[in-house]
Amino acid sequence: MKSPEEQLAILKRGSAQIISDDELLAKLRLGRPLNVKLGVDPTAPDIHLGFTVGLSKLRQFQDLGHQAILIIGDFTAMIGDPSGRSKARRQLTHDEVMANATTFKQQAFKILDPSRTKVVFNGEWFELMTFDSVMKLNAHVTLQQMLQREDFRKRLDAGEPVYLHEIQYPIMQGWDSVMIKADVELGGTDQLLNCHVGRSLQREEGQHEQVIFLLPLLEGLDGVNKMSKSLDNYVGVAEAPEMMFGKLMSIGDTLMARYYELLLCEPVPEIHPMEAKKQLAARLVARYHSEEAAQAARAEFEMRFSKKDLDHAELPSLALAGLPPDIVSVVVAAYAQCFQITKSRGDARRLVEQGSIQLRSEKVGDAKATPAMCAGDVLKLDKTRAVRLA
RNA sequence: GGGUAGAUACCGAAGUGGCCAAACGGGGCGGACUGUAAAUCCGCUGGCUUACGCCUUCGAUGGUUCGAAUCCAUCUCUGCCCA
């Protein structure tokens, strides 16, 4: 086992803020495995790369001999963490949440070591709480403290509603820390207040206060907002290798540097940016799938986009039989059948007229056209989608 | 509970009886250019239609009118102020 000082040095890499280094060092010196808490709300069925920043850090704690405690917020997910949000979340039903939690757990174990992870659901304690104990908890936190939060503040200033159940969220998250006797709580930088509430509740209960270990938030594919399912700027860890590779290749250079730092924990290599990005994409695909899948995804990507060789790429096929012969109808059918995307005829016509639609690498251009289409022909729909006719 | 202001397309925001499928900005999409990126430029952005045009849309429901996003009534939701 590494010395406390060595452990601290390793853990600090890639962190945003630790409250505090000294407290963490003191806890590491206790010589026992620390309870390291990471809370997740299964609001969506699968996790994305943004979330893996926390899981990877948790894994690092595990590798140093500590006890990982993954809290599945089956109860809190129904409220929805208001952190960083400009609107109240839709409340989920318990069934939805539990269904999400199942896949969630499987995916978390692509990163965590299952043999050293304790998984708990916070419904275990919250469902049993009585109203008077809820009131007692509330007595520990003031409205002013809650209003310090930037996201609530912003909503107030913008004249947006802030609901009382949302204000309960930090208190519930804090109580989780008490219930599992957390020594360290991991979270994104937007979790600062929530984690602090945990500390004060622990103090009230006569426990040692948890160390707050904050990690930077990973920006989503747009490079601006944090990665989130609801903004559709995410890369899911369960996504198909080609999809994952393609999404990662679409990011800008600045964001690439960020991903290197937060996901691979190293600087961008001093090579052509294009190659650096391919390596990033390949390594992440390898992490969540396999080395072979990563190489295949890269080869596929290069064939399709770099060499623009759609003829040999693997494409979904579209049966022409029974379709009207005009190009617009074929395009609409291709989106619907091969990609489950509903395009209006107007949209499809626009794509044709604007030159996005290509048949055998030639722009069609004329929405009225009824070009001869044969089995095996490649029909390009837009930047990322194409189908093979059959 | 009382007063008051508001609810417009993916988001923000104009429009206050016909010229409104609804300005403008953002976002999104397509094209050019590139490294498939970014930046830039051009175009598109309710549905059906080759087109003329037709249909549905401005919180909800009714009403006034030849004609309503715009006027009236009721309802729902939200902000702010007062209790």
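This structure is a prediction, so every number in the text was calculated from the model and none was measured. To find a chain, count down the sequence lines: A is the first, B the second, and so on, and within it residues start at 1. All heavy atoms count here, side chains included; hydrogens, waters and symmetry mates do not.
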Nearest-angstrom distance from the residue atom [atom1] of [X] to [atom2] of [N]:
X	N	atom1	atom2	value
A:L248	B:rA37	CG	P	15 Å
A:I357	B:rG43	CD1	P	21 Å
A:F245	B:rG35	CZ	C1'	13 Å
A:L221	B:rG28	CG	C1'	15 Å
A:N233	B:rG27	CG	P	15 Å
A:R345	B:rA51	CZ	C1'	15 Å
A:Q354	B:rG28	CD	P	16 Å
A:R349	B:rU50	CZ	P	6 Å

When the [atom1] atoms of [N] and [M] are considered, how many whole Å apart are they?
N	M	atom1	result
B:rA69	B:rG62	P	15 Å
B:rG17	B:rG26	C1'	31 Å
B:rC58	B:rA23	P	16 Å
B:rC75	B:rC80	C1'	22 Å
B:rC19	B:rU34	C1'	44 Å
B:rU74	B:rG25	C1'	36 Å
B:rA21	B:rG2	C1'	41 Å
B:rG3	B:rC20	P	39 Å

Query raised in the report: What pairs with A:P273 under side-chain contact (heavy atoms from CB on, under 4.5 Å), at least two apart in sequence or on another chain?
Result: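 A:D253, A:M256.
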Query - Sub-4.5 Å side-chain heavy-atom contact between A:V285 and A:Q295 - result: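 When only atoms from C-beta onward are counted, A:Q295 and A:V285 do not touch, as no gap falls below 4.5 Å.
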**Report entry** A:F126 side chain reached by A:D74 side chain, heavy atoms, under 4.5 Å
**Finding:**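 In short, these two side chains do not touch, never coming nearer than 4.5 Å.
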[N], OP1 or OP2 - any side-chain N/O from [X] closer than 4.0 Å?
X	N	answer
A:K343	B:rU45	no
A:S344	B:rG47	yes
A:K383	B:rU34	no

Any-strand Watson-Crick or G-U partner of [N], both distances under 3.5 Å:
N	value
B:rU70	none
B:rU56	none
B:rA37	none
B:rU76	B:rA7
B:rG1	B:rC82
B:rG43	B:rC29
B:rG17	none

Query raised in the report: Which comes earlier along RNA chain B counting from the 5' end, the contact point of A:D382 or that of A:G246, where each point is its nearest nucleotide?
Result: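 That would be A:D382.
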Query raised in the report: Between A:I251 and A:R350, who's closer to the 5' end of RNA chain B by nearest nucleotide?
Result: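 By nearest-heavy-atom nucleotide position, the 5'-most residue is A:I251.
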Report task. Under 4.0 Å between any heavy atoms, over every strand shown, what does A:K380 touch: base, sugar-phosphate, or nothing? Just pick one. Result ->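 Here A:K380 touches the backbone only, sparing every base.
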Query raised in the report: Could you state the interatomic distance from CD (A:E6) to CD1 (A:I10), rounded to the nearest 0.5 Å?
Result: 6.5 Å
Requested in this report: Indicate whether the side chain of A:H66 and that of A:Q7 have a donor and an acceptor atom separated by less than 3.5 Å.
Outcome: yes
Requested in this report: Verify whether one side chain among A:D41 and A:T76 offers a donor that lies under 3.5 Å from an acceptor in the other.
Outcome: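 Yes, A:T76 and A:D41 have a side-chain donor paired with an acceptor closer than 3.5 Å.
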**Report entry** Distance-only donor-acceptor test, A:D253 side-chain atoms vs B:rG35 base atoms, 3.5 Å
**Finding:** yes
Query raised in the report: What's the closest nucleotide to the A:K363 side chain, out of B:rG47, B:rG31, B:rG35?
Result: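 The answer is B:rG31.
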Requested in this report: Please check if the distance between the ring centroids of A:F121 and A:F75 is under 6.0 Å.
Outcome: no
